[in-house]
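These notes are about the structure you will find just below.
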Amino acid sequence: MSTPYNPEIIELDAQKYWDDAHSFEVGEDADKEKYYCLTMFPYPSGKLHMGHVRVFTINDVIARYQRLQGKHVLQPMGWDAFGMPAENAAIQRGIPPAEWTYANIEDMRGQLKRLGYAYDWTREVTTCKPEYYRWEQWLFTKMFAKGLVYRKNSIVNWDPVDQTVLANEQVIDGRGWRSDALVERREIPQWFMKITDYADELLDELDRMPGWPESVKTMQRNWIGRSEGVELSFNVDGENEPLTVYTTRPDTLMGVTYMAVAAEHPLAKKSAAANPDVAAFIEQCKQTDAQEATLETMEKKGMSLGMSAIHPLSGEEVPLWVANFVLMTYGTGAVMAVPGHDARDWEFAKKHGLPIKQVIVPADGTDIDIEAAVYLERGVLVNSGQYDGLDFDAAFNAIADHFEEIGRGSRKVNYRLRDWGVSRQRYWGTPIPIIYCDDCDAVPVPEDQLPVLLPEDVEVKGAGSPLKDMPEFVNVPCPRCGKAARRETDTFDTFIESSWYFARYACPDSDSTMLDNRAKYWTPVDQYTGGIEHAILHLLYSRFFQRVMRDEGLTDVSEPFTNLMTQGMVLKDGAKMSKAKGNTVDPAELIKKYGADTVRLFMMFAAPPEQALEWSDDGVQGSFRFLKRFWSAVIDHTAAGKAGALDIGMLTDTQKDLRRKTHQTIAKISDDLGRRHSFNTAVAASMELLNAVNKFTDTSDNGRAAEREALESVVVMLSPIVPHICHALWQELGYESAVIDQRWPEYDESAIELDLVEIVVQVNGKLRGRISVAVDIAKDEVEATALADENVQRFIGDNDVRKVIVVPGKLVNIVV
RNA sequence: GCCGGGGUGGCGGAACUGGUAGACGCGCCGGAUUCAAAAUCCGGUUUCUUCGGAAGUGGGGGUUCGAUUCCCCCCCUCGGCACCA
């Protein structure tokens, strides 16, 4: 009777071996080729969920694969420990956020260890600890000194009942999640980082990042949204100040039939003072939350201000409107409207009976009806006086030149990207290192007074930050003049912590500098894996921070992540797993039932990494069954005694077939894991090889040697995916050393050579026959053999053969 | 609304560079083993069919000897939209 597969015993045994041997702790070895393999670190919510298991397993497979390739691999883990859930837990259960967070980290670390990930735990980083966040406070003061941070008003969601700022996710259908009050937009002063200073570099470098998916690069390009346009000013009837607008379509300037300003615009306010209807409309405009999706989908509303701008070319009066879709904080807070050639302007004009004027015609002379449909393409100018007949480029330049000459405008490069607002009106985050003094204004906290410690022993009651009610935190002397001053009580956006943690893993204990020489060894990250939902914000902020650190002299690296993979979500019954939907699956329970290897295997087999993965309990069963088959295949083999050396010169046909399958599989899995990151097909290929071994009944010496070659290859190649069972089976095969210290099996090209090859024969593109021919046969001979095939002849019948296409080694298509 | 994905048997998926659609697994059906069950093993499994074949990769059109793959239009669905992380 052979030993049954007992995952619990072999998994704990393998994990003990790795722990005792410190297998995954790495130093900086200049002689070895480093490979830095990283996943987006988790928020310590308390329980590991399947999404975590998926991304960590993907990364662990890559890390272990690279180790088998001989690389010096770093795979660290840490905690994105600041954030709102800790405050919510504190409110609901009365536990201080720090206590809750640290307890969660303890739990989750244990769960990760049970899954057998090859982490270097000596480098663990926890962002809510002062040793970590002091360095982002320090960097902020450096950025302050360089003018890379500044303060300005910006819009937040304001809950008028709770008297607090809400996060977008706390706004549900325009109402506060706790109070149910209608949310308003409100302007408050906040700190900003000048990411727009780096906009061009962040954009241009995307062209030189072959290791990133095109879709992510496209999303970032569109997000940065570089555009070339013209800023020009319109005089306003009865006003001294001109109204400035930005447009990328100066060629449509003669089509302007109205202009629109934001509700907060000075001209709107002025009109409201005299007109109660406008005042009421402006109040109504504030009754909306601050999300762009809300703004873009809400009903476009507007009202005439009873004022006029003067068209700078025609001198005609153009009515001025206030509109709810124009925002004071974006651009100049005013837009020129060309309803003939802009979709939103067209819709607005139709609704409010404003005139639509066609000033562009299609270049190919097609007739269009501008009242029936807006025309957005670039074309040729009409109804534009001296500019008639010009194309887009000529008109753009002529009109831009004209405004530059008369000093009423200028060419301007504009970005959709806005500066990064980093202030949050919350407690559980990094304190912004600023002190406000009545005389000296905002003063950064001097280096020798850092870190500004976040008090951890607090009571979180509900709305608003407890920091405001802590005089011992707030009241400080001004670092510049010594006068009584007040500390900033806002904290950083938690995206700050995740914008540089990847570099800190290299030197988590460095207490004299943010990054030391060890970061030069390990960065950039060679492989970064995380959710597609981070395609823009986290990844763009990280690219920005890397450059800020570079320009501070901390590193020479500009791009933090050389290769990026974005993995899909884990779904159940077609929906994202969530507590609210009640469709969660607890990894801990599954591990208890089947072991970590089964869970890891299912995760890798059920779907390609980039796609959403549909959870299936039956599928997990199937993975478990496969591991049992894998286990007994090796045990049965070793039970029959030690196999001798393989004699390649004396192979029978069936032995050759198995050996061919073995080496085809080595080639396939090497490519799937190393190049394609196609783990599901790699698992399928292992299953095929194991199926072939199970059908193989040759017990001769050479037969057993061929079988042993197949089994040893599978054990090494599956070890990145199911490391525990492979650790045990490698020992079972009689080896003293551990499978993690093996090298990837070598592919023997001569093993897959064939004498005959099967060729598919089609008639008019339809499969009609198969022929077996020598590999090196000439093209016309293949054609002749194909035409001679009985079934092929039947389908050709009396028809004339018009054409024969021969794809060597693959198929013949006969066209009749 | 805008930007980026995805859509293939009953289900998850495969087909990598335009060349055999459905690898591998699940489920189901049949068989073996068993007193019986679980477990395990073997075989079958896109649909329709007059058993010759025919149709078929979200829908419609196009390019090609040949399209899941390339192009155009449309539908559904998921992710992001700057304070969830």
Side-chain angles (χ1 to χ4, degrees), chain A residues 40-43 45 80 82-85 154 156-157 165-171 190 213-223 225 290-298 300 325 343-344 416-426 493-495 498 531-538 540-541 566 568-569 571 574-576 602 605-608 610-623 625-626 628-629 632 671-672 675-676 678 680-681 683-688 691 694 758-762 764-767 770 794 802-805 807 810-816:
Chain A
M40 295 176 187
F41 63 167
Y43 179 82
S45 56
D80 189 12
F82 276 136
M84 289 206 308
S154 95
V156 293
N157 299 307
V165 176
L166 298 179
N168 283 337
E169 77 156 7
Q170 296 173 317
V171 178
Q190 311 210 64
E214 277 309 319
S215 58
V216 174
K217 289 190 280 188
T218 303
M219 279 191 264
Q220 292 215 347
R221 281 188 194 104
N222 292 339
W223 186 264
Q291 299 180 61
E292 181 170 301
T294 308
L295 201 71
E296 290 281 338
T297 49
M298 72 186 176
K300 308 288 182 291
F325 55 86
R344 189 168 65 183
R416 208 188 76 90
L417 177 71
R418 309 194 296 264
D419 278 337
W420 179 9
V422 296
S423 298
R424 295 292 180 271
Q425 297 70 46
R426 305 193 201 296
D493 179 3
T494 55
F495 271 124
S498 56
I532 184 68
E533 66 272 22
H534 295 293
I536 297 175
L537 291 180
H538 161 61
L540 195 61
Y541 291 148
T566 53
M569 294 183 310
L571 311 177
K576 188 174 177 170
F602 173 72
F605 182 55
E610 296 86 356
Q611 277 179 41
L613 181 152
E614 177 68 34
W615 185 262
S616 156
D617 289 328
D618 286 333
V620 179
Q621 278 274 5
S623 294
R625 259 204 297 272
F626 170 73
K628 283 196 283 191
R629 277 203 303 275
S632 40
D671 190 45
D672 281 351
R675 179 182 64 92
R676 296 210 299 155
S678 175
N680 54 329
T681 54
V683 173
S686 310
M687 289 173 168
E688 281 190 57
N691 289 345
N694 284 338
E758 185 180 82
I759 297 215
V760 165
V761 187
Q762 299 179 332
N764 282 346
K766 290 198 164 114
L767 177 64
R770 293 162 197 273
R794 196 160 68 80
R802 286 208 310 199
K803 195 174 175 183
V804 179
I805 291 129
V807 182
K810 284 231 164 132
L811 69 70
V812 177
N813 188 16
I814 299 159
V815 186
V816 300

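Proteins get letters first, then strands, A, B, ... in listed order; numbering begins at 1 in each.
Using a 4.0 Å heavy-atom distance criterion, A:Gln425 is classed as a base contact. Nucleic acid contact class of A:Arg675 (heavy atoms, under 4.0 Å, all strands): base. Counting any heavy atom pair closer than 4.0 Å across all strands shown, A:Arg770 reaches a base atom. If you check every strand for non-hydrogen atoms under 4.0 Å, A:Tyr43 touches sugar and phosphate atoms only. Using a 4.0 Å heavy-atom distance criterion, A:Val171 is classed as making no nucleic acid contact. Using a 4.0 Å heavy-atom distance criterion, A:Ala535 is classed as making no nucleic acid contact. If you check every strand for non-hydrogen atoms under 4.0 Å, A:Leu417 touches a base. Base contact: A:Val165 has a heavy atom under 4.0 Å from a base atom. Within the nucleic acid shown, A:Glu533 comes within 4.0 Å of at least one base atom, counting heavy atoms only. Here A:Thr494 lies in heavy-atom contact (under 4.0 Å) with sugar-phosphate atoms only. Among the heavy atoms of the strands, none lies under 4.0 Å from A:His538.
Here A:Gln621 pairs with A:Tyr594 under the side chain to side chain donor-acceptor pair (under 3.5 Å) rule; sequence neighbours left out.
For A:Arg344 and B:rC2, the shortest distance from a side-chain N or O to OP1 or OP2 is not below 4.0 Å. Checking the phosphate oxygens (OP1, OP2) of B:rC81, no side-chain nitrogen or oxygen of A:Asn168 falls inside 4.0 Å. A:Ser616 has no side-chain polar atom (N or O) that falls below the 4.0 Å cut-off from OP1 or OP2 of B:rC26. The shortest distance between the side-chain N/O atoms of A:Lys628 and the OP1/OP2 oxygens of B:rU40 is below 4.0 Å. Within the 4.0 Å cut-off from OP1 or OP2 of B:rA14, not a single side-chain nitrogen or oxygen of A:Arg676 is found. One finds no side-chain N or O of A:Arg629 lying less than 4.0 angstrom from the OP1 or OP2 phosphate oxygen of B:rA39.
Atom pair A:Glu610:CD and B:rC16:C1' shows a separation of 13 Å (rounding to whole Å applied). Going from atom CH2 of A:Trp615 over to atom P of B:rC78 covers 22 Å, rounded to whole Å.
In this structure, B:rG19 forms a base pair with B:rC65, meeting either the Watson-Crick or the G-U wobble geometry with both donor-acceptor distances under 3.5 Å. As the counterpart of B:rG52, no nucleotide is assigned, since no Watson-Crick or G-U wobble pattern has both distances under 3.5 Å.
Nucleotides B:rU34 and B:rC41, compared at atom C1', are 13 Å apart to the nearest Å. Nucleotides B:rG22 and B:rU57, compared at atom C1', are 9 Å apart to the nearest Å.
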List, with names and distances, any nitrogen or oxygen atoms from the protein found under 3.5 Å away from nitrogen or oxygen atoms belonging to nucleotides 63-65 of chain B.
{"residue": "B:rC65", "atom": "O2", "partner": "A:Asn813", "partner atom": "ND2", "Å": "2.5"}

Each nucleotide in nucleotides 43-54 of chain B should get exactly one letter: B, S or -. Can you fill that in based on protein heavy atoms under 4.0 Å? ---------SSS

